[in-house]
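Just below is one structure, and these are the notes that go with it.
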Amino acid sequence: MAKRIESLTVTDNHRLNSEYFILTLLSPGTLPEMKPAQFAQVRVEGSPDTFLRRPISIHDADRENNTIRLLVQILGKGTETLSRLRQGDQLNIIYPLGNSFSMPLKGQKLLLAGGGCGIAPLLFMAKYLREKGFNIDFLLGFRNRDRVIEYEEYSSLGKVFLTTEDGSMGEKGFLTDHPVLKENRYEQVYCCGPEPMMKAVASWCRMTGAACEVSLENLMGCGIGACLCCVVDTVRGNLCTCIDGPVFNINDLKW
Amino acid sequence: MVNLGFSIGDLRFRNPVLTASGTFGYGSEFDDFMDVSRLGGIVVKGTTLEPREGNPYPRMAETPSGMLNSVGLQNKGIDYFGKYIYPRISEYDTNVIVNVNGSYVDDYVALAERLNSFDRIPAIELNISCPNVKMGGMAFGTNLGSAREVTRAVRAVYMKKLIVKLSPNVTNIVDFALAVEEEGADAVSLINTLLGMVVDVKRMKPALSTITGGLSGPAVRPVALRMVWQVARAVKIPVIGMGGIMNTDDALQFILAGASAIQVGTASFIDPLASVKILEGIEKYLTDKGISDISDIKGYINR
Ligand SMILES: Cc1cc2nc3c(=O)[nH]c(=O)nc-3n(C[C@H](O)[C@H](O)[C@H](O)COP(=O)(O)OP(=O)(O)OC[C@H]3O[C@@H](n4cnc5c(N)ncnc54)[C@H](O)[C@@H]3O)c2cc1C
Ligand SMILES: Cc1cc2nc3c(=O)[nH]c(=O)nc-3n(C[C@H](O)[C@H](O)[C@H](O)COP(=O)(O)O)c2cc1C
Ligand code: FES
């Protein structure tokens with residue numbers, strides 16, 4: 001899976017709500033092999049304040065049309081600049097980067113859990129798992145009804161269980177408050193989202209004995225293993241989130 | 001054909017574009033993008049006798065036109081390097097230079113001694129300027145007496161080319177350059193990162209776990225260039241310039257100011273191809289100007 005630097009053409013910039021948008025990018029060639037949870041290092045041109053590239057997960061890939069989609073949350077200057085990209089603009093990215101979620105065992109009961117922009121890699125993972133014949137449940141957490149994104153997209157791939165912090169849609173509370181966790185015996189959980197959320201999911205998994213992989217979103221300098229800025233403290237010492245991750249088994253983390 | 005080469009004593013470099021320690025891994029991280037052997041040389045990660053875990057996360061913060069880092073010399077130690085990295089890195093057809101670090105003079109000496117026997121490592125870069133470790137590092141590079149002592153001690157045991165990497169966090173960097181030259185350094189490289197800090201206002205905390213870190217990238221370039229110019233006028237040994245070099249123009253500024261060669265650092269994070277693009281750019285610049293040897297423009301602004 002060779003990494004490449006490529007300028008892709010923006011074919012669509014779809015605004016989901018005040019905070020989220022989806023970029024569709026057309027590769028000038030054939031898309032490289034990509035796996036779920038891999039990411040791209042995105043160059044944000046035009047300001048000394050967006051000096052370093054921004055890591056963004058591969059949300060979706062369409063091999064037939066050689067396009068990828070990125071689901072982005074506006075957080076600061078970089079993502080704000082990206083939100084203003086228009087059809088025809090070029091975006092320089094380095095991809096595909098990082099490891100990926102591992103494959104489950106046959107017949108395992110699977111849960112894909114995420115919150116915020118952490119749901120981004122879960123779509124790609126879900127499509128991958130469906131192709132391999134797995135059934136999946138999603139457990140997705142949002143702040144409130146207005147923040148819920150891509151509900152239909154995920155619903156078409158599996159059963160979606162929702163939580164919102166104010167209870168305006170789905171169950172009220174955090175991901176781990178959802179009753180579906182008590183009703184089902186999930187055996188393998190794939191998780192991505194804010195760290196407190198991932199930690200809560202991880203401790204639920206520890207309690208119930210479910211295997212759990214989390215995709216981390218550490219700050220990155222290079223994304224290719226050259227700077228050692230993105231480390232996470234693991235049982236095997238400091239490892240790079242960009243090349244040894246972003247996916248880690250929770251048993252390897254000191255959470 | 002343009003001659004791009006330069007020498008440190010009898011050690012020949014085919015061109016003046018090297019990569020800076022800590023920013024180019026062990027080269028292999030870049031294999032997918034480029035032919036690393038095209039470079040004049042690569043300086044590998046800061047290496048120590050014993051393995052080091054480095055500083056806790058977060059160890060990086062973006063700044064306008066630059067970044068702060070406080071990696072703190074994370075590396076697996078010289079034994080691991082010798083066993084697992086050296087065989088692989090030896091395959092590159094270029095000068096592979098090891099960046100040598102320690103907490104005490106004896107560490108530097110022991111490491112340099114070990115590196116004598118690595119046939120494919122023709123030079124070491126003595127890092128007396130790392131701002132991110134509690135002991136050693138910059139402490140050596142910001143005190144004239146210690147800078148002399150560690151250079152002298154390593155010079156006494158190391159047979160091949162000795163490059164000393166200088167800290168910009170001093171009042172007069174020329175004094176340090178002259179001191180290490182006198183103690184037997186074959187070349188100096190500069191600058192290492194400038195000590196800086198960032199406060200995360202939202203969290204009301206320093207952005208780095210270590211509070212302070214080293215600033216690199218174009219933000220430091222004018223300072224770096226000034227220092228390289230000052231040092232190049234003062235010493236007789238070759239000067240390797242670095243600090244915020246992003247493109248050909250930047251690299252040429254350092255050479256015109258007196259550097260024999262340059263190192264590309266942080267730029268490789270933004271464009272992994274930065275180093276080879278700069279190499280091609282320098283060649284084109286010389287060709288376009290009808291200059292046949294890069295040494296003809298070295299220090300040109302001083303003429
Ligand atoms: C492997 C990986 C995959 C990612 N995938 C996605 C994705 O698919 N979609 C998406 O929207 N985002 C994703 N992110 C996060 C994204 O990289 C950051 O949100 C983005 O870099 C912020 O850039 P900015 O310039 O907008 O914000 P900045 O101006 O850089 O920062 C704004 C604020 O957010 C904080 N911040 C920035 N980055 C992070 C981070 N990584 N973790 C915690 N706090 C941070 C800063 O400290 C600052 O307070 C991913 C990150 C990683 C490491
Ligand atoms: C992430 C990072 C790690 C670094 N690690 C080292 C190191 O181990 N040893 C060293 O001598 N310099 C180290 N440096 C300093 C660079 O080699 C270089 O001197 C400095 O970054 C200035 O050049 P630049 O602005 O082109 O990056 C590091 C710099 C960065 C950004
Ligand atoms: S981001 Fe540079 S090593 Fe991971």
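Lettering of chains follows the sequences in order, A, B, ..., and the numbering in each one begins at 1.
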Pair B:I278, B:V264 - check side-chain contact (heavy atoms from CB on, under 4.5 Å), show working. CA-CA 9 Å; B:I278 289 168; B:V264 178; 3.7 Å; yes
Under 4.5 Å to a heavy atom of chain A? For B:M34 that would be neither
Specify whether B:Y86 and B:F118 have parallel, tilted or perpendicular ring planes, treating 30° as the upper limit for parallel and 60° as the lower limit for perpendicular.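 Because their plane-to-plane angle is over 60°, the rings of B:Y86 and B:F118 count as perpendicular.
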Which label fits B:F33 and B:F30: parallel for a plane angle under 30°, tilted from 30 to 60°, or perpendicular past 60°?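 Rings of B:F33 and B:F30: perpendicular, as their planes differ by over 60°.
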Interface residue of largest heavy-atom contact number with chain A, from [options], under 4.5 Å:
options	answer
B:P58, B:P64, B:G66, B:G54	B:G66
B:N69, B:D31, B:I270, B:V71	B:I270
B:G27, B:S28, B:G25	B:G25

Side chains of B:S70 and B:T210 only: does a donor on one sit below 3.5 Å from an acceptor on the other? yes
Between B:N101 and B:N127: side-chain donor-acceptor atoms closer than 3.5 Å: yes
Please classify the contact between [X] and chain B as side chain, backbone, both or neither, with a heavy-atom cut-off of under 4.5 Å.
X	answer
A:R43	side chain
A:I243	neither
A:N218	both
A:D233	neither

Tell me, out of A:C227, A:G237, A:G225, who's got the most heavy-atom pairs with chain B below 4.5 Å. A:C227
Just so I understand: if I count every heavy-atom pair under 4.5 Å between each of A:D49, A:I5, A:I94 and chain B, which residue has the most?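 Ranked by contacts with chain B, first place is A:I5.
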Here the pair of heavy atoms bringing B:F24 nearest to B:E29 is O-OE1, 3.8 Å
Would you call B:E62-A:K77 a salt bridge at under 4.0 Å N-O?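 Answer for the salt bridge query: no.
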